[in-house]
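Atom set for the values below is all heavy atoms of this structure, side chains included, hydrogens, waters and symmetry mates excluded. As the structure is a prediction and not an experimental result, all values here were calculated from the model. By convention in this document, chain letters (A, B, ...) are assigned in the order of the sequence lines, proteins followed by strands, and residues within each chain are numbered from 1.
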Protein chains: 2
Amino acid sequence: MPRPRSLTPDRLATATLTVIDRDGLDALTMRAVAKELGMATMSLYRYVTDKDELEMLVVDHVLSGVNLAVPPGDWRERITELLSRVRKQVLAHSAVVPLLLRHRHSVPSSMVLIEATLAILTDAGFAGERRVIAQRTIVAFLFGMLQNEHYGPLSGPGTAVMAAQERFPLLAETAALARDVAGDAEFHKGLAVVLRGLADG
Amino acid sequence: MPRPRSLTPDRLATATLTVIDRDGLDALTMRAVAKELGMATMSLYRYVTDKDELEMLVVDHVLSGVNLAVPPGDWRERITELLSRVRKQVLAHSAVVPLLLRHRHSVPSSMVLIEATLAILTDAGFAGERRVIAQRTIVAFLFGMLQNEHYGPLSGPGTAVMAAQERFPLLAETAALARDVAGDAEFHKGLAVVLRGLADG
DNA sequence: CTCGTAGATGTACGTTGTACGCCTACGTCG
DNA sequence: CGACGTAGGCGTACAACGTACATCTACGAG
């Protein structure tokens, strides 16, 4: 009846994502988002109950950008395609990774994502507890790997430090090798391991 | 020469962990830790440069509690034993999980843990890039699964919500099944999948 | 006993999330 | 077409946080 809303959840999520992408996660404050939208800080609270809900909006927005319609084919290729799309979408906004890890269980789009994964698995003959384990293992790998890539990329300084550790010879040797492994290759080869294990189970 | 230090890093980490275990992660403030130690807030800064370093101290302390001397035997059993110990140790302080995810790449004890894993893998004949992938995949699984268990345990309310989703039939069916899967079983069966995939590679 | 050094502390400031109360613009109804 | 009630928008204010800074103090070495 009264004054209409001037913001959509999507617009709010987009503005928040803009702030994060431009200035980093530390710069994500209610004041910064409000300024980005050209409105007063407290006005945001007409749309979210607190900052956590704003963060969930962003996470949901990012995950919603993934195209879930993977072409038919071998189930392993389909899972690989789906997860690659998620990874690509996430890496396009890498500063949101910490938020993703925290809120992925609470956003609607993650249910959509899980349903898509389960559809592929079901098509491939997975059922019952075996499907539960498959689903959870795949998701654990996906987000574990995103975490690896975000906090400790093989090409990053951490690997260099490890390569110089005389106290840990295997670590040093492995880290030296790892510096030449691209993130893409790491992800796909790791995923291949998981999928092979699923196929043989 | 002058006044000796009254705190060891270990004592600082223990006090911090006490606060976290007792009052939760939100209650982790410099003031709370100082009170726990019976000293002034600013005194902590003689031992850490900022709060992040305090958090790393805790993470390192927790991971250091893992006994890395796994008995000889089949490499898959050895990896399973090692990861189970890490998991057990972490679940004994489950409120630190978010800190663990954030800081695990920056603490010394994680290098020790990686070295131990690499030793088992090397014994089993893993080498070169294959060992790099194996290591990273195992770690991704471990922390991805801990994340799963912490933020969205199969026995938790999230699963109940999913089981009631009419819009997502597969999700609902799978979630209903999942409620009966214990965390232990989930972890071990998922790990078995990963290890099988590694063996066949 | 004295002294220099580094540990311990108290105060204070800037930043954050957000509770609260007021003002205002709009859709609806007379 | 005008008055009204409702919900959106906003400004102020506050408590809690991390931590910079200046000061005081207790100890080991001489």
Side-chain angles (χ1 to χ4, degrees), chain A residues 1-61 95-96 98-103 106-107, chain B residues 1-61 95-96 98-99 102-103 106-107:
Chain A
M1 240 193 298
R3 196 196 320 211
R5 304 195 140 221
S6 67
L7 240 55
T8 63
D10 204 76
R11 174 143 172 62
L12 182 50
T14 303
T16 307
L17 189 55
T18 300
V19 171
I20 296 174
D21 284 343
R22 179 179 2 102
D23 304 323
L25 193 52
D26 286 347
L28 172 58
T29 64
M30 301 302 282
R31 285 168 173 83
V33 174
K35 180 171 286 183
E36 180 70 27
L37 287 164
M39 59 196 309
T41 306
M42 292 310 293
S43 304
L44 300 180
Y45 287 90
R46 293 281 161 187
Y47 299 89
V48 291
T49 71
D50 56 17
K51 198 190 176 195
D52 265 18
E53 201 173 301
L54 181 63
E55 292 176 357
M56 293 197 288
L57 231 47
V58 179
V59 172
D60 191 54
H61 180 80
V96 304
L99 299 186
L100 198 80
L101 302 182
R102 239 188 100 192
H103 295 297
S106 317
V107 302
Chain B
M1 239 192 299
R3 196 200 312 219
R5 303 196 141 222
S6 67
L7 240 55
T8 63
D10 204 76
R11 171 141 174 64
L12 183 49
T14 303
T16 307
L17 189 54
T18 300
V19 170
I20 296 175
D21 284 342
R22 180 184 356 106
D23 304 324
L25 194 52
D26 286 347
L28 173 60
T29 65
M30 302 302 280
R31 287 167 171 84
V33 174
K35 180 170 287 184
E36 181 69 26
L37 287 164
M39 59 198 309
T41 306
M42 291 310 291
S43 304
L44 300 180
Y45 287 90
R46 291 281 157 186
Y47 301 91
V48 292
T49 72
D50 55 17
K51 198 190 175 193
D52 265 19
E53 202 173 300
L54 181 63
E55 291 176 357
M56 293 198 290
L57 231 46
V58 179
V59 171
D60 191 53
H61 180 81
V96 304
L99 299 186
R102 236 185 107 198
H103 295 297
S106 318
V107 301

End-to-end bend of the helix from C/dC1-D/dG30 to C/dG30-D/dC1 (five-pair axes, 10° rounding)?
0°
Go through the structure and list residues passing side chain to side chain contact (heavy atoms under 4.5 Å, CB included) with A/Thr49, not counting sequence neighbours.
A/Glu53
Let me have the donor-acceptor pairs involving side chains of residues 38-48 of chain B, under 3.5 Å, with sequence neighbours excluded, atom names and distances please.
unit_1  : atom_1 : unit_2  : atom_2 : d
B/Ser43 : OG     : B/Ala40 : O      : 3.3
B/Tyr47 : OH     : B/Ser6  : N      : 3.1
B/Tyr47 : OH     : B/Leu7  : N      : 3.4

Residues two or more places apart in sequence or in another chain: which of them pass side-chain hydrogen bond (donor to acceptor under 3.5 Å, both in side chains) with A/Arg31?
none
B/Ser43 side chain near C/dT9 phosphate (N/O to OP1/OP2, under 4.0 Å)
yes
For DNA chain C, find the residues of residues 5-36 of chain B with a heavy-atom distance under 4.0 Å and give them by number; none if there aren't any.
B/Arg5, B/Ser6, B/Arg31
Once you round it to whole Å, what is the distance between P of C/dT15 and NZ of A/Lys51?
15 Å
Side-chain contact check for B/Pro4: nearest option of D/dC27, C/dG27, C/dT18 is D/dC27
List for me each residue that meets side-chain hydrogen bond (donor to acceptor under 3.5 Å, both in side chains) alongside B/Asp50, sequence neighbours excluded, and say none if there are none.
none
Is the phosphate of D/dC21, meaning OP1 or OP2, less than 4.0 Å from a side-chain N or O of B/Tyr45?
no
Interface polar pairs with nucleotides 20-24 of chain C, N/O, under 3.5 angstrom:
unit_1 : atom_1 : unit_2 : atom_2 : d
C/dT24 : O2     : A/Arg3 : NH2    : 3.1

For A/Ala32, side chain to side chain contact (heavy atoms under 4.5 Å, CB included) partners two or more places apart:
A/Val19, A/Thr29
Whichever of B/Gly38 and A/Asp52 has its nearest DNA chain C nucleotide further upstream toward 5':
B/Gly38
The residue among A/Leu12, A/Leu28, A/Ile20 that forms side-chain contact (heavy atoms from CB on, under 4.5 Å) with A/Val58 is A/Ile20
Could you work out, with side-chain hydrogen bond (donor to acceptor under 3.5 Å, both in side chains) as the rule, every residue matching B/Asp23, not counting sequence neighbours?
none
With A/Arg22 via side-chain hydrogen bond (donor to acceptor under 3.5 Å, both in side chains) - residues at least two apart
A/Glu36
Identify the heavy atoms of A/Ala13 and A/Leu57 that sit nearest to each other, and give their distance.
CB-O, 3.7 Å
